[in-house]
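Computation of the quantities below employed the complete heavy-atom set of this structure, encompassing side-chain atoms and omitting hydrogens, waters and symmetry-equivalent molecules. Owing to the predicted nature of the structure, the values given are computational and were not obtained by experimental measurement.
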Amino acid sequence: MTTAEWEPIHGQEYQGVSYRPRRIPEAEGLATAAWLRRRMDERRSVRRFSAEPVPEQIIRDAIAVASSAPSGAHQQPWTFVLVKDADVRRRIREAAETEERVSYAGRLGEEWLNALRPLGTDEHKPHLTDAPYLIVVFQQRFYLAADGTTRKHYYVDESVGIAVGMLISALHLSGLAALVHTPSPMRFLSEVLRRPRNEKAFAVIPVGYPAEDCQVPDLVRKPLGQVLVVV
């Protein structure tokens, strides 16, 4: 199946279309919400991955889910680069660890390092080469046409952040593990992946199955009563 190339909407008059999604019965909605709550509570950030192959279609479908996220003025200001090539993943790891060595040596500051200490992280990033896939998410800071024309995008950080959240959820619900990794600074990602000037790296997401000896920090999430305010 082929689809037409997407064209940005800009300056066009509003055109409405009918929207009547299936009304889910109350009992089904309650059961689905409870199931999602249980499943998502099982999600953990994983830093030890198996090299076991993962069906690429799962990754593609998860990215399609992420791309359905709401965005400012429907500009969809994101690019997902799926990195399969082992050499490219190696180059990304080497560049990331170079930056991380500087960060953990003091650039982050003692307060930030203390916040990271319970997570057991350091400058070594084996997940960038152990995981069979990396999804590098770029935010399109502005629209860039083939002829060089540019146009402003709106709420880019918020839009891409929502999309990444949906991506992580889709991957988890499909049985995969992931990690949102944000080496700082991330300019090297644009260079390694040869991205255009309107794109800025937002996150690197290793994806795969957890390693057999995988461990995660013993963390406790805030209970609902501490994060929910009903007015």
Side-chain angles (χ1 to χ4, degrees), residues 1 16-72 74-78 80 82 115-121 127 130-137 139 155-182 202-231:
M1 183 179 66
V17 295
S18 178
Y19 178 66
R20 292 185 177 84
R22 181 179 77 91
R23 179 74 176 266
I24 297 177
E26 183 177 292
E28 181 183 346
L30 287 167
T32 299
W35 177 81
L36 282 169
R37 182 175 179 176
R38 288 193 302 271
R39 285 285 288 119
M40 292 307 299
D41 191 52
E42 297 169 356
R43 189 209 60 78
R44 300 298 299 271
S45 294
V46 165
R47 291 176 171 82
R48 290 188 62 82
F49 287 88
S50 166
E52 182 182 353
V54 170
E56 185 176 325
Q57 190 59 47
I58 297 179
I59 312 294
R60 289 176 173 268
D61 285 341
I63 291 173
V65 169
S67 195
S68 72
S71 61
H74 192 59
Q75 297 301 296
Q76 303 167 80
W78 43 63
F80 302 89
L82 181 58
L116 290 173
R117 195 157 285 121
L119 304 182
T121 62
H127 47 265
D130 291 348
Y133 293 103
L134 298 179
I135 303 173
V136 184
V137 185
Q139 49 183 196
Y155 297 104
V156 175
D157 292 342
E158 295 86 348
S159 301
V160 178
I162 293 170
V164 168
M166 292 177 63
L167 174 61
I168 295 299
S169 299
L171 292 168
H172 173 70
L173 293 173
S174 299
L176 300 180
L179 167 71
V180 179
H181 177 51
T182 53
F202 186 83
V204 183
I205 303 176
V207 181
Y209 297 115
E212 287 293 329
D213 61 349
C214 178
Q215 291 188 342
V216 295
D218 185 13
L219 304 177
V220 178
R221 292 188 172 94
K222 291 180 180 179
L224 187 62
Q226 281 188 255
V227 301
L228 171 65
V229 176
V230 179
V231 179

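- Two residues are said to be in side-chain contact when any heavy atoms from C-beta on lie closer than 4.5 Å; S169 and M166 fail this criterion.
- Here the straight-line distance linking atom CG of L167 with atom CD1 of I162 works out to 13.5 Å at 0.5 Å rounding.
- To the nearest 0.5 angstrom, R60 atom CZ is 7.0 Å from L82 atom CG.
- For the atom pair CD1 of I63 and CD1 of I59, the computed distance is 7.0 Å after rounding to the nearest 0.5 Å.
- Under the 4.5 Å side-chain criterion, counting only non-hydrogen atoms from C-beta, L171 is not in contact with V65.
- Residues F49 and L179 share a closest heavy-atom pair of CZ-N, 4.4 Å.
- Atom CD1 of I58 is separated from atom CG of L173 by 12.0 Å, given to the nearest 0.5 angstrom.
- Between the CD atom in E212 and the CD atom in E52 there is a gap of 8.5 Å [rounded to 0.5 Å].
- Looking at heavy atoms from C-beta onward, Q139 lies in side-chain contact with D157 at the 4.5 angstrom threshold.
- A heavy-atom distance below 4.5 Å is not found between the side chains of D61 and S174.
- Residue-environment remark: CD (Q215) stays at or below the threshold of 12 foreign heavy atoms within 6.0 Å.
- Under the side chain to side chain contact (heavy atoms under 4.5 Å, CB included) test applied with V137, the options V180, I205, T182, V204 reduce to a single match, I205.
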